[in-house]
Engineer: 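Have a look at the structure that comes next, please.
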Amino acid sequence: IAATPDPLPVPVPPPLQPAATVPVAELPTADPVKADAPKADSPKADPLKSDPAKNPLYDSMHRDEEDGFKSLFDSLHQPETGKKKHWYEKLNIRGYSQFRFGRTVEQNPDGAEPNLLADRSINGNAENFSIRRNRIIIFGDVSEHLFIYIQPDFAANIPGSTTSVFFAQLRDLYGDVYVDTDKVNRFRVGLSKVPFGFENMQSSQNRVPLDRTDAINTAVSPNERDVGVFYYWTPVEKQKLMKDLVDGGLKGSGNYGIFGLGVYNGQGGQLFEQNLNLSTVARATWPFQLASGQVVEVSAQAYTGEYVVEGSPIRPLGFGSSFTPTGTRTAGERTGQRDQRIAGTFVWYPQPFGFQAEWNVGEGPGLNPTQTAVVTRPLTGGYAMVMYKYDSDQHGIFTPYGRYSFYKGGYRSIANAPYGSHDQWDIGVEWQLFKEMELTLEYSIVNGVNLNAIDKADKVSYRNFDGGVLRLQCQFNY
């Protein structure tokens with residue numbers, strides 16, 4: 001029997017090994033461009049639409065947009081997204097109105113007729129109710145780099161109008177351009193207040209006495225404003241303090257910088273510029289808080305320029321024929337008279353006792369002693385005021401005050417720049433019934449120059465009014 005061969009060896013498979021795991025992040029993904037590529041029977045895709053980088057309508061800043069039409073937006077004008085507010089939705093509106101009743105209650109018969117620079121409703125002949133101010137203010141941050149402020153007055157009395165009142169006239173129109181987002185450095189461009197004098201910068205809505213003093217206000221009359229460019233520097237911690245002094249009811253002046261420097265026309269707000277000279281102003285102030293919480297502020301300011309004075313016919317010292325003083329625009333003067341001052345300020349804010357004082361010296365346009373020419377003459381003056389702020393439990397806030405002011409110099413914004421002296425005592429009380437309404441009663445003892453030009457034979461212009469004036473004001477804040 002033949003031998004049987006051994007069977008062929010059967011290969012034994014190796015033991016099974018667990019499959020290696022591959023992280024999800026490492027799994028291959030479909031190419032989005034290829035995935036979205038058109039099929040053979042689909043219309044061919046437009047490479048200019050599918051790839052913005054190849055579209056000539058897209059510039060380097062807009063190649064991540066989905067629609068070529070958005071190339072109409074440059075880097076500063078991007079389409080709004082989400083619920084971001086439009087610039088016009090960031091604006092606010094507020095205002096205040098002042099209604100007065102005034103009467104001359106005492107008058108020296110040998111003196112001139114009643115006349116006040118700051119309140120022309122006092123004249124001795126027609127004194128009853130008047131609207132002193134009616135301001136509507138539109139303001140707000142358009143962006144992190146621009147704040148706008150627009151303030152018309154709807155109760156202005158226009159020079160030259162003898163029968164009509166309550167005209168609408170622009171008081172402020174400016175933009176604050178912030179160099180940095182923390183608002184430390186800014187440029188104010190447009191029609192705004194000139195930073196000279198604490199009481200000039202202080203809003204009439206916040207001031208305790210009814211009017212500003214002649215000594216300080218004549219530096220920036222009329223209306224304390226002009227068209228120009230002003231630089232303001234205010235550290236962040238001082239921004240808050242200046243805001244609190246206004247919002248807290250302490251009669252602050254607002255934020256005109258710890259340091260300010262500016263150039264402006266010099267003729268005064270709402271008046272045509274009359275020469276080629278620019279006026280320059282500089283101011284430094286330092287408000288600080290004592291350990292007791294009391295806030296004190298000291299300031300120094302100065303300005304220089306040339307002012308063109310308007311002229312009006314008078315009878316010099318009451319003699320001769322009608323004559324317009326030389327040195328005025330009406331008489332052919334176009335360059336103007338030198339106008340410059342320096343002033344100091346001290347404020348002890350009413351917490352509850354308050355004290356405020358300012359004084360300035362300089363030279364400016366003034367009518368000469370013979371009343372024949374306007375020339376540059378020296379000037380000086382200032383004021384001191386005490387007040388006490390009593391915050392009652394149920395009847396509002398009472399602030400009694402007393403102020404003495406003195407000025408000797410010219411009135412540049414008045415025709416012929418009358419030169420004379422002005423002494424005035426103001427005694428009054430402000431009663432703020434609630435935040436939206438306040439009443440002020442004030443009695444003034446005045447001995448000051450009448451600013452009206454009189455063109456009548458044997459009549460002397462610019463004599464002093466000597467008497468007393470009683471006024472009551474109702475103010476609405478809204």
Side-chain angles (χ1 to χ4, degrees), residues 98-133 157 159 161-163 165 204 207-218 221-222 312-319 366-367 369 371 381-385 400-411 413-430 439-474:
Q98 295 175 338
F99 304 92
R100 290 185 182 180
F101 182 86
R103 280 291 172 88
T104 301
V105 296
E106 187 178 1
Q107 180 179 351
N108 185 340
D110 296 328
E113 291 296 319
N115 183 252
L116 298 178
L117 173 68
D119 191 346
R120 293 310 182 89
S121 68
I122 301 300
N123 52 50
N125 299 311
E127 302 173 340
N128 284 310
F129 291 102
S130 65
I131 301 176
R132 183 63 182 88
R133 294 175 180 89
N157 296 331
S161 176
T162 57
T163 58
V165 294
S204 297
R207 187 179 58 252
V208 177
L210 292 183
D211 295 310
R212 299 177 174 93
T213 62
D214 289 13
I216 304 301
N217 190 238
T218 48
S221 62
S312 181
I314 58 173
R315 307 296 174 98
L317 300 180
F319 300 104
L367 192 62
Q371 297 188 343
Y383 70 91
M385 177 174 65
Y401 62 91
R403 181 180 67 179
Y404 171 73
S405 63
F406 167 81
Y407 177 59
K408 183 176 182 180
Y411 289 75
S413 63
I414 306 299
N416 301 333
Y419 189 92
S421 63
H422 186 101
D423 282 279
Q424 183 168 330
W425 286 91
D426 301 305
I427 303 171
V429 59
E430 177 192 87
L439 298 174
T440 302
L441 179 66
E442 181 178 289
Y443 182 75
S444 301
I445 303 172
V446 183
N447 187 345
V449 59
N450 181 300
L451 303 174
N452 295 319
I454 304 174
D455 186 17
K456 294 181 179 180
D458 301 325
K459 294 292 184 180
V460 180
S461 300
Y462 314 128
R463 295 188 303 138
N464 273 29
F465 158 64
D466 183 13
V469 177
L470 181 65
R471 291 176 292 171
L472 175 65
Q473 174 176 284
C474 175

Engineer: Are I314 and K459 packed together at the side-chain level, in the sense that at least one heavy-atom pair is separated by less than 4.5 angstrom?
Structural biologist: no

Engineer: Could you tell me whether the side chains of D423 and N447 share a donor-acceptor contact shorter than 3.5 Å?
Structural biologist: no

Engineer: From R212 CZ over to S405 OG, what is the distance, rounded to the nearest 0.5 angstrom?
Structural biologist: 14.0 Å

Engineer: Measure the spacing between CD1 of I131 and CZ of R100 and express it to the nearest 0.5 Å.
Structural biologist: 12.0 Å

Engineer: Among N217, T218, D214, exactly one meets side-chain hydrogen bond (donor to acceptor under 3.5 Å, both in side chains) together with Y411. Which residue is that?
Structural biologist: D214

Engineer: Out of curiosity, L472 CG to F99 CZ, how far, rounded to the nearest 0.5 Å?
Structural biologist: 12.5 Å

Engineer: For F319, does the CZ atom have more than 12 heavy-atom neighbours from other residues, nucleotides or ligands under 6.0 Å away?
Structural biologist: no

Engineer: Closest approach of V460 and I454, non-hydrogen atoms and distance?
Structural biologist: O-CD1, 4.1 Å

Engineer: To the nearest 0.5 Å, how far apart are CG in D426 and CG in L210?
Structural biologist: 8.0 Å

Engineer: Sub-3.5 Å donor-acceptor pair from the side chain of Q371 to the main-chain atoms of Y462, do we have one?
Structural biologist: no

Engineer: Please find the pair of heavy atoms, one from R315 and one from D455, that lie closest to each other, and give the distance.
Structural biologist: NE-OD1, 2.8 Å

Engineer: How far apart are the closest heavy atoms of P209 and M385, and which atoms are they?
Structural biologist: CG-SD, 3.4 Å

Engineer: Is a donor from one side chain sitting under 3.5 angstrom from an acceptor on the other, for Q424 and Y407?
Structural biologist: no

Engineer: Just do the side-chain contact (heavy atoms from CB on, under 4.5 Å) check on N452 and E113 with the steps written out, would you?
Structural biologist: CA-CA 9 Å; N452 295 319; E113 291 296 319; over 6 Å; no

Engineer: With sequence neighbours left out, write down each residue that passes ring-ring contact (aromatic ring centres under 6.0 Å, His included) with Y443, or none if nothing qualifies.
Structural biologist: none

Engineer: Apply side-chain contact (heavy atoms from CB on, under 4.5 Å) to residues D211 and R132 and explain how you reach the verdict.
Structural biologist: CA-CA 10 Å; D211 295 310; R132 183 63 182 88; 4.0 Å; yes

Engineer: Hey, what do you get for CG (N115) to CG (L451), rounding to the nearest 0.5 Å?
Structural biologist: 5.0 Å

Engineer: What closest approach, in Å, do D110 and R463 show between heavy atoms, and which atom pair accounts for it?
Structural biologist: O-NH1, 3.1 Å

Engineer: Might you point out which heavy atoms bring N450 and A112 nearest each other, and give the distance in Å?
Structural biologist: CB-CB, 3.8 Å

Engineer: Is there a side-chain contact (heavy atoms from CB on, under 4.5 Å) between N128 and R103 once you walk through the steps?
Structural biologist: CA-CA 7 Å; N128 284 310; R103 280 291 172 88; 2.6 Å; yes

Engineer: Is the shortest side-chain heavy-atom distance between V429 and L439 below 4.5 Å?
Structural biologist: no

Engineer: To the closest 0.5 Å, what do you measure between CG (N125) and OG1 (T104)?
Structural biologist: 9.0 Å

Engineer: When you compare the side chain of L117 with that of H422, does any pair of heavy atoms fall below 4.5 Å?
Structural biologist: no

Engineer: Give a yes or no on whether the backbone of T440 and the side-chain of Q473 come within a donor-acceptor separation of less than 3.5 Å.
Structural biologist: no

Engineer: Kindly give the heavy-atom pair with the smallest separation between N464 and S421, and that separation in Å.
Structural biologist: ND2-O, 3.7 Å

Engineer: Counting N and O atoms only, with roles assigned by atom type, does the side chain of R471 sit under 3.5 Å from a partner on the main chain of I122, one being a donor and the other an acceptor?
Structural biologist: no

Engineer: Using only atom types and a distance under 3.5 Å, with no angle test, would you say the side chain of N416 pairs donor to acceptor with the backbone of P418?
Structural biologist: no

Engineer: Tell me, yes or no, whether the heavy-atom count around D458 atom CG, taken from other residues, nucleotides or ligands under 6.0 Å, exceeds 12.
Structural biologist: no

Engineer: Among residues two or more places apart or on two chains, list those pairs meeting ring-ring contact (aromatic ring centres under 6.0 Å, His included) that have a residue in residues 108-127.
Structural biologist: none

